[in-house]
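Single-structure report; data block below.
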Amino acid sequence: MNRVDYLRISLIDRCNFRCQYCMPEGTELDYILRQELLTHEEIITLLKEVFIPLGFSKFRLTGGEPLLRPGIVDLVKDIASLSATEDLSLTTNGFLLPSLAEDLYNAGLKRINISLDSLNPDTFKTIIGHQKADLWQQTWSGIQTAYQVGFDPLKLNIVVIPGVNESEIEALAELSIKKNWHIRFIEFMPIGNPELFKDRAWVPSEEIREKIREKWGLIESNIKGNGPADVFKIPGAKGTLGFISQMSECFCDRCNRMRLSADGLLRPCLLNETGQIDLKTLLRHGVQTIEIKEKVAHLLNIKPEINYKQRDSGNDTGIYQRTMSQIGG
């Protein structure tokens, strides 16, 4: 088992897009608003008194859409200022970045991942479920703004979906050639949306690599990050291409992370719901943080290695209660 030192923190489980691939039809976008979020102060307390003493030093802010969280810039500043913070990053759909990128960068955020599943505005609308506004242009503007204010390298996350954006693989990969952008192709995991398993809902990374290899060639890159991506690059390119292959090439043996939901559930791994700890309830019932730390330490010691083929062993019913959007990805 790798050392677990990376915590993904979901700040808010709602999104300003309605994506059918992470949020199934009929799911209410105000799901999390019916619950109480961990407060700013509770998040900082948990980091300082529970997670950092247990060896956590790398933190990623996720959602839903974390930029919808009120006070996001102040929270970034407070986490970045902790002496134990070695790495602080954020994943966003980029829609609010034009107005927030500079403030986030100045607050101490230096790494950012932006979801961009298509370069075609119409395909983009299909994926996110919005047909009225030109949200692609707003997201693209957010990407450009983030790069201009200093987020370098910039990571763009692409989930390849058969019959939807599969034809754009080469065009998306080409974004890595002239700029120091890290393009990451992610195999889709339809957790919480089992209907998508009726047909193949994902494209294996090797198929994506082969398409790129045929056009430009592909070489391994020695750039390593905190995540599970296998990193390559097009010869001569400034940026890189990462492949996250949770469906076809299990990487559980490399996992170094846990996930904290917006409403305070600590999840030992993406695929495991049975061992969760409700940290928010413990805090609000007056349980001392030293006792909470002991509970988290125990969970770390028994953190399972569940690969996707064993996904049904991660809960009691075989059906996940939360979607990818609600978990925080």
Side-chain angles (χ1 to χ4, degrees), residues 1-13 32 35-39 41-64 66 79 82 84-89 91 189 191-192 226-228 246 250-329:
M1 172 65 69
N2 287 346
R3 176 190 174 195
V4 180
D5 61 356
Y6 190 174
L7 182 67
R8 294 180 65 103
I9 307 168
S10 179
L11 297 183
I12 187 165
D13 286 5
I32 196 63
Q35 306 172 65
E36 289 187 63
L37 302 175
L38 282 171
T39 67
E41 292 75 17
E42 287 169 337
I43 291 171
I44 298 300
T45 294
L46 287 170
L47 293 183
K48 292 171 65 174
E49 299 184 25
V50 176
F51 290 104
I52 288 173
L54 289 173
F56 286 82
S57 58
K58 303 166 186 175
F59 309 107
R60 174 173 292 278
L61 305 178
T62 71
I79 296 175
L82 297 174
T85 299
E86 294 180 4
D87 184 73
L88 176 61
S89 55
T91 298
M189 295 179 70
I191 290 179
N226 295 315
Q246 62 271 34
C250 176
F251 48 71
C252 291
D253 60 336
R254 288 182 277 156
C255 180
N256 67 336
R257 62 195 61 197
M258 298 183 84
R259 288 169 167 80
L260 180 62
S261 73
D263 57 339
L265 292 177
L266 181 66
R267 195 182 187 103
C269 78
L270 179 62
L271 294 169
N272 191 287
E273 289 184 331
T274 60
Q276 296 178 124
I277 301 175
D278 187 345
L279 299 184
K280 181 189 71 180
T281 296
L282 292 175
L283 280 175
R284 295 183 184 181
H285 285 187
V287 176
Q288 297 297 309
T289 52
I290 189 169
E291 185 177 341
I292 296 175
K293 185 176 74 172
E294 291 172 357
K295 292 179 181 294
V296 174
H298 176 70
L299 190 62
L300 280 170
N301 288 333
I302 63 172
K303 177 175 162 60
E305 293 185 3
I306 298 178
N307 64 45
Y308 205 75
K309 293 179 181 178
Q310 300 168 313
R311 61 186 178 274
D312 290 343
S313 67
N315 58 57
D316 295 327
T317 64
I319 299 174
Y320 284 93
Q321 301 304 308
R322 294 192 174 192
T323 66
M324 286 289 282
S325 177
Q326 293 161 353
I327 294 168

> Which atoms form the tightest heavy-atom contact between S89 and D87, and what is the distance?
Replying inline: OG-OD2, 4.1 Å
>> For a quick test of reading the model, state the closest non-hydrogen atom pair linking F51 to V296 and the distance between them.
In response: CE2-CG1, 4.1 Å
>> Applying the side-chain contact (heavy atoms from CB on, under 4.5 Å) criterion to I43, which one of L37, L11, L61 satisfies it?
In response: L11
> Can you tell me how far the CE atom of M258 sits from the CD atom of Q276, to the nearest 0.5 Å?
Replying inline: 10.0 Å
> What distance do K295 atom NZ and I290 atom CD1 have between them, rounded to the nearest 0.5 Å?
Replying inline: 13.0 Å
> What closest approach, in Å, do R284 and E42 show between heavy atoms, and which atom pair accounts for it?
Replying inline: NE-OE2, 2.8 Å
> What is the distance from atom CD of E41 to atom CG of L283, rounded to the nearest 0.5 Å?
Replying inline: 12.0 Å
> Closest heavy-atom contact between F59 and Y6?
Replying inline: C-CE2, 4.1 Å
> Got a second to check how far L266's CG is from D278's CG, nearest 0.5 Å?
Replying inline: 10.0 Å
> Nearest 0.5 Å, what's the CG-CD1 distance between L47 and I9?
Replying inline: 4.5 Å
> Do R60 and T91 have side-chain atoms, one donor and one acceptor, less than 3.5 Å apart?
Replying inline: yes
> Could you give the distance from CG (L7) to CG (N256), rounded to the nearest 0.5 Å?
Replying inline: 11.0 Å
>> Out of the candidates L46, D263, T45, only one should pair with L279 under the side-chain contact (heavy atoms from CB on, under 4.5 Å) rule; please name it.
In response: L46
> Can you check whether I79's main-chain N or O pairs, donor with acceptor, with T85's side chain at less than 3.5 Å?
Replying inline: yes
>> If I compare all heavy atoms of A84 with all of S57, which pair ends up nearest, and what's the gap?
In response: O-CB, 3.4 Å
> Hey, does the side chain of K280 reach the backbone of E36 with a donor-acceptor pair shorter than 3.5 angstrom?
Replying inline: yes
